[in-house]
Protein chains: 2
Amino acid sequence: MDSVFKALSDPHRRKILTLLRKRDLSVTEIQKHFPFTGATLSHHLDTLKRANLVITERRGQFIFYSLNTSVFEDVLKSFYSLFSH
Amino acid sequence: MDSVFKALSDPHRRKILTLLRKRDLSVTEIQKHFPFTGATLSHHLDTLKRANLVITERRGQFIFYSLNTSVFEDVLKSFYSLFSH
DNA sequence: TTAGTATTTAGATAGTTATCTAATTATCTA
DNA sequence: TAGATAATTAGATAACTATCTAAATACTAA
């Protein structure tokens with residue numbers, strides 16, 4: 001769960017997640033929303049992937065990223081457990 | 001909200017929050033649960049305080065830290081907004 | 001008011017993270 | 001199959017973070 005909180009600690013990565021809420025996006029599409037290079041974006045995506053927050057699927061020339069909704073309940077539980085008395 | 005996620009990204013700081021779930025604790029009491037120095041602990045507490053996750057109150061010689069429950073709903077909303085479609 | 005305890009702040013350093021450019025790998029299409 | 005596009009990986013660097021020791025501040029109690 002440590003990798004999850006680490007992944008969420010960066011505002012760019014959180015923005016990527018909110019972008020993916022609407023629909024799956026290729027790296028190129030995600031790239032349009034950020035000022036940094038593709039290499040940097042690739043690192044951020046890797047961080048999200050290692051935290052199991054996103055999943056990837058190649059569709060021809062593109063790799064699409066999408067939210068891995070199955071882990072969100074776990075994350076939420078962990079989050080609650082920090083605060084509830 | 002950035003400071004909140006940053007604050008939560010460190011496992012020691014998350015452990016501090018879980019310790020405070022049971023009851024308010026002085027710095028010395030919190031210290032017993034960690035291997036690092038008081039100076040380091042003080043920095044972690046400062047990070048939590050700046051994120052508005054804890055509040056402090058001096059009681060004589062001691063400073064007690066407690067969960068600032070009033071912000072948790074905000075944090076939770078922000079958290080949900082990352083994931084819900 | 002002085003000695004002791006509690007906590008924070010200052011200053012330094014090592015490790016981590018975000019970022020870049022350049023090189024590499026994977027796929028598509030002409 | 002060659003050239004173009006998509007994405008990742010390698011290698012470097014600057015900024016940030018966690019940590020330490022030492023010094024400073026705040027309070028208590030003798």
Side-chain angles (χ1 to χ4, degrees), chain A residues 1-68 75 78 82, chain B residues 1-20 22-68 75 82:
Chain A
M1 195 53 59
D2 201 47
S3 62
V4 172
F5 282 102
K6 285 278 184 206
L8 294 177
S9 71
D10 182 271
H12 294 315
R13 288 192 291 265
R14 291 200 303 278
K15 182 174 174 183
I16 291 170
L17 292 178
T18 62
L19 290 172
L20 294 177
R21 275 168 49 196
K22 293 192 178 175
R23 62 181 183 84
D24 303 357
L25 294 170
S26 69
V27 176
T28 309
E29 288 171 314
I30 297 170
Q31 177 74 73
K32 287 174 191 155
H33 296 85
F34 296 98
F36 43 66
T37 67
T40 296
L41 175 58
S42 191
H43 286 304
H44 283 307
L45 291 172
D46 184 57
T47 300
L48 291 170
K49 198 172 175 181
R50 286 170 184 277
N52 213 23
L53 290 167
V54 297
I55 52 182
T56 59
E57 181 194 3
R58 181 176 277 278
R59 294 181 203 160
Q61 210 169 351
F62 301 90
I63 295 178
F64 278 80
Y65 280 74
S66 54
L67 292 180
N68 182 14
V75 177
S78 170
L82 290 176
Chain B
M1 196 52 62
D2 201 48
S3 61
V4 172
F5 283 101
K6 285 278 183 205
L8 295 176
S9 71
D10 182 89
H12 292 137
R13 288 192 291 265
R14 292 199 303 278
K15 182 174 174 182
I16 291 170
L17 293 178
T18 62
L19 290 172
L20 294 176
K22 293 192 179 176
R23 62 181 183 83
D24 304 357
L25 294 170
S26 70
V27 177
T28 310
E29 287 172 315
I30 297 170
Q31 178 74 73
K32 286 174 191 154
H33 296 85
F34 295 99
F36 43 66
T37 67
T40 296
L41 175 57
S42 190
H43 286 305
H44 283 308
L45 292 171
D46 184 57
T47 301
L48 290 170
K49 198 173 175 180
R50 285 171 185 277
N52 212 24
L53 290 167
V54 297
I55 52 183
T56 60
E57 181 194 2
R58 181 176 277 279
R59 295 181 202 160
Q61 210 167 352
F62 300 90
I63 295 178
F64 277 80
Y65 280 74
S66 54
L67 291 180
N68 182 13
V75 177
L82 290 176

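Chain identifiers are assigned alphabetically (A, B, ...) following the order of the sequence lines, protein sequences preceding nucleic acid strands; residue numbering begins at 1 within each chain.
Summarising the base pairing, C:dT19 is matched to D:dA12 through a Watson-Crick or G-U wobble pair whose two defining distances lie under 3.5 Å.
Within the 4.5 Å cutoff, no side-chain heavy atoms of B:L25 are placed close to those of B:I16. The shortest side-chain heavy-atom distance between A:I55 and A:S66 falls under the 4.5 Å cut-off. With contacts defined as side-chain heavy-atom distances shorter than 4.5 Å, the pair B:T18/A:L82 qualifies.
A centroid separation of 6.0 Å or more is found between the aromatic rings of B:H44 and B:F34.
For the pair B:L48 CG and C:dT7 P, the interatomic distance rounds to 15 Å; values are reported in whole Å. Atom NZ of B:K49 is separated from atom P of C:dT9 by 8 Å (rounded to the nearest Å). The separation between B:L8 atom CG and D:dA18 atom P is 12 Å, rounded to whole Å. Atom pair B:I30:CD1 and C:dT7:P shows a separation of 8 Å (rounding to whole Å applied). Between A:Q31 atom CD and D:dA6 atom C1' the separation is 11 Å, expressed in whole Å. Nucleotide C:dC28 holds its C1' atom 17 Å from the CZ atom of A:R59, rounded to whole Å. Spacing between atom CD1 of A:I63 and atom P of C:dT25 amounts to 15 Å, rounded to whole angstrom units. The CG-C1' distance, from B:L45 to D:dT19, rounds to 15 Å in whole Å.
Proximity of B:R58 to the phosphate of D:dC27: a side-chain N or O atom is located under 4.0 Å from OP1 or OP2.
Within the nucleic acid shown, A:Y65 comes within 4.0 Å of sugar-phosphate atoms alone, with no base atom in reach, counting heavy atoms only. Note on B:F34: nothing from the nucleic acid sits closer than 4.0 angstrom, heavy atoms only.
Paired with B:V54 under the rule side-chain contact (heavy atoms from CB on, under 4.5 Å), one option of B:D46, B:D24, B:N68, B:L48 passes, and it is B:L48.
Minimum heavy-atom separation, B:D10 to B:H12: OD2-N, 2.8 Å. Shortest non-hydrogen contact noted between A:R50 and A:S3 is O-OG, 4.1 Å. Closest approach of B:E29 to B:H33, counting heavy atoms only: O-ND1, 3.3 Å.
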Return the polar atom pairs (N/O with N/O) between nucleotides 1-5 of chain D and the protein under 3.5 Å, or none.
| residue | atom | partner | partner atom | Å |
| --- | --- | --- | --- | --- |
| D:dT5 | O2 | A:Q61 | NE2 | 3.3 |

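The NZ atom of A:K49 sits 9.5 Å away from the OG atom of A:S42 when rounded to the nearest 0.5 Å.
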B/S/- contact track for nucleotides 14-23 of chain C, protein heavy atom under 4.0 Å: ----SBBBB-
